[in-house]
Undergrad: 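After the structure tokens below, expect a handful of questions from me.
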Amino acid sequence: MTRLFNLDPQLLHDTVLLAISVFFLFLAMTYLLFKPARKMMEDRQNRIKEDIDTAKADKEDAAAVKAEYEKKLKEVDKEAEQILSDARKKAQSNAARIESEAKEEAARIIQRANEEAELSKKRAMDDVKQEMVSIASMMAAKVVAAQIDTSIQDTLVEETLKEMGDSTWQS
């Protein structure tokens, strides 16, 4: 047997057998390990792709929800502004009403005070009249005490009343 590249035939045989074994081992490993590993990698890649797609969909949903939320927030702000505006108008109306009522009450108090002052003035005048009557009575008693006849007494009473005057009695 001739030597190939000056190598031992047994070594060549072992090398070829080893190459065949490695080839079959590679096929077996490919079938047993690489395919499941490749399948696992593909599954993982698909799962990641699905996760990315889901994340994109969730992001779009979140953007839609955010837009809806902001729209509702603007509506709530408008509603709150409207409520505040109505409350301000109502408060101004109430303030105007209260001010008007206070002015009316003040006018009534002033009118009542004027009426009370007028009554006090009338009472004082009545007191003065009573005092004048008592003075006239005292004068009449003194006249009677002096035993003046009735014609003189009548003359004195009439003169006294004339001196007091009609305006004194009426005021």
Side-chain angles (χ1 to χ4, degrees), residues 32-171:
L32 294 176
L33 296 178
F34 292 139
K35 273 191 171 184
R38 185 174 294 155
K39 186 177 185 305
M40 184 180 76
M41 293 296 285
E42 288 175 0
D43 290 344
R44 184 173 180 210
Q45 190 176 15
N46 289 337
R47 197 171 50 237
I48 289 171
K49 186 178 178 184
E50 287 175 6
D51 288 346
I52 289 172
D53 291 342
T54 303
K56 285 181 182 177
D58 288 346
K59 186 177 178 181
E60 290 173 0
D61 290 344
V65 169
K66 181 181 175 185
E68 183 178 337
Y69 172 75
E70 287 177 354
K71 181 181 174 185
K72 286 183 179 179
L73 193 60
K74 286 180 183 177
E75 290 174 359
V76 167
D77 285 344
K78 286 181 182 177
E79 188 175 326
E81 187 64 33
Q82 183 65 33
I83 289 170
L84 286 175
S85 176
D86 291 345
R88 284 186 198 118
K89 287 178 184 175
K90 191 173 182 180
Q92 288 175 347
S93 171
N94 285 340
R97 182 181 49 81
I98 289 170
E99 183 180 343
S100 173
E101 289 175 357
K103 285 181 181 178
E104 289 175 5
E105 183 67 25
R108 278 186 292 221
I109 289 170
I110 289 170
Q111 182 180 3
R112 197 176 316 132
N114 287 336
E115 289 172 358
E116 287 178 6
E118 191 66 32
L119 284 175
S120 295
K121 185 178 174 182
K122 286 180 181 178
R123 279 188 209 130
M125 291 173 68
D126 287 343
D127 290 343
V128 169
K129 288 178 188 174
Q130 289 294 329
E131 190 68 27
M132 291 173 70
V133 167
S134 68
I135 288 171
S137 296
M138 286 173 48
M139 287 178 62
K142 285 181 181 179
V143 168
V144 169
Q147 297 178 350
I148 300 174
D149 65 350
T150 57
S151 64
I152 294 173
Q153 186 177 3
D154 289 339
T155 306
L156 286 174
V157 169
E158 284 182 20
E159 285 177 2
T160 303
L161 289 176
K162 284 182 183 175
E163 286 176 5
M164 296 169 104
D166 291 336
S167 62
T168 306
W169 288 100
Q170 292 176 351
S171 60

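Along the sequence shown, residues carry numbers from 1. Side chains are part of it too, since the values below use all heavy atoms of this structure and drop only hydrogens, waters and symmetry mates.
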Undergrad: Test of understanding: with salt bridge (charged side-chain N to carboxylate O under 4.0 Å, His left out), list the residues that count as partners of R97, not counting sequence neighbours.
TA: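 Result, salt bridge (charged side-chain N to carboxylate O under 4.0 Å, His left out) vs R97: E101.
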
Undergrad: Could you walk me through whether E105 and R108 pass the salt bridge (Lys or Arg N to Asp or Glu O under 4.0 Å) check?
TA: CA-CA 5 Å; E105 183 67 25; R108 278 186 292 221; 2.8 Å; yes

Undergrad: Among all residues two or more places apart in sequence or in another chain, which pass the side-chain hydrogen bond (donor to acceptor under 3.5 Å, both in side chains) test with D127?
TA: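 Not a single residue meets the side-chain hydrogen bond (donor to acceptor under 3.5 Å, both in side chains) criterion with D127.
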
Undergrad: Could you list the residues that satisfy salt bridge (charged side-chain N to carboxylate O under 4.0 Å, His left out) with R123, not counting sequence neighbours?
TA: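 Not a single residue meets the salt bridge (charged side-chain N to carboxylate O under 4.0 Å, His left out) criterion with R123.
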
Undergrad: Is it true that, when you exclude E115 itself, more than 12 heavy atoms of the residues, nucleotides or ligands shown sit nearer than 6.0 Å to its CD?
TA: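 More than 12 heavy atoms, drawn from other residues, nucleotides or ligands, come within 6.0 Å of this atom.
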
Undergrad: Taking side-chain hydrogen bond (donor to acceptor under 3.5 Å, both in side chains) as the test, write out the residues that go with E104, two or more places apart.
TA: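 Not a single residue meets the side-chain hydrogen bond (donor to acceptor under 3.5 Å, both in side chains) criterion with E104.
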
Undergrad: Please round to the nearest 0.5 Å and tell me the distance separating atom CD of E116 and atom CG of N114.
TA: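 The CG atom of N114 is 9.5 Å from CD of E116, to the nearest 0.5 Å.
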
Undergrad: Under a 4.0 Å N-O cut-off, is there an ion pair linking E118 with K122?
TA: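 So E118 does not pair with K122 through a salt bridge.
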
Undergrad: Got a sec, which residues hit salt bridge (charged side-chain N to carboxylate O under 4.0 Å, His left out) with E68, two or more places apart in sequence or on another chain?
TA: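 Here the qualifying residues are K72.
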
Undergrad: In chain order, what residues pass the side chain to side chain contact (heavy atoms under 4.5 Å, CB included) check against Q130, with sequence neighbours excluded?
TA: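 Testing Q130 for side chain to side chain contact (heavy atoms under 4.5 Å, CB included), a comparison that skips the adjacent residues, returns none.
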
Undergrad: Who are the side chain to side chain contact (heavy atoms under 4.5 Å, CB included) partners of F34, not counting sequence neighbours?
TA: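 Expected list: F26, T30.
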
Undergrad: Can you name the residues that form a side chain to side chain contact (heavy atoms under 4.5 Å, CB included) with E158, not counting sequence neighbours?
TA: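 For E158 there are no side chain to side chain contact (heavy atoms under 4.5 Å, CB included) partners, ignoring immediate neighbours.
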
Undergrad: Quick one: side chains of residues 47-64, donor-acceptor pairs under 3.5 Å with protein atoms, not counting sequence neighbours, listed by atom name and distance.
TA:
from : atom 1 : to  : atom 2 : distance (Å)
T54  : OG1    : E50 : O      : 2.7

Undergrad: Not counting sequence neighbours, which residues clear side chain to side chain contact (heavy atoms under 4.5 Å, CB included) with M41? List them please.
TA: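 Counting only residues at least two positions away or on another chain, M41 forms no side chain to side chain contact (heavy atoms under 4.5 Å, CB included).
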
Undergrad: Of all residues at least two apart in sequence or in a different chain, which pass the salt bridge (charged side-chain N to carboxylate O under 4.0 Å, His left out) check with R112?
TA: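 By the salt bridge (charged side-chain N to carboxylate O under 4.0 Å, His left out) rule, R112 matches no residue at all.
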
Undergrad: Name the atoms and distances for all side-chain donor-acceptor pairs under 3.5 Å in residues 74-90, with sequence neighbours left out.
TA:
from : atom 1 : to  : atom 2 : distance (Å)
Q82  : NE2    : D86 : OD1    : 3.1

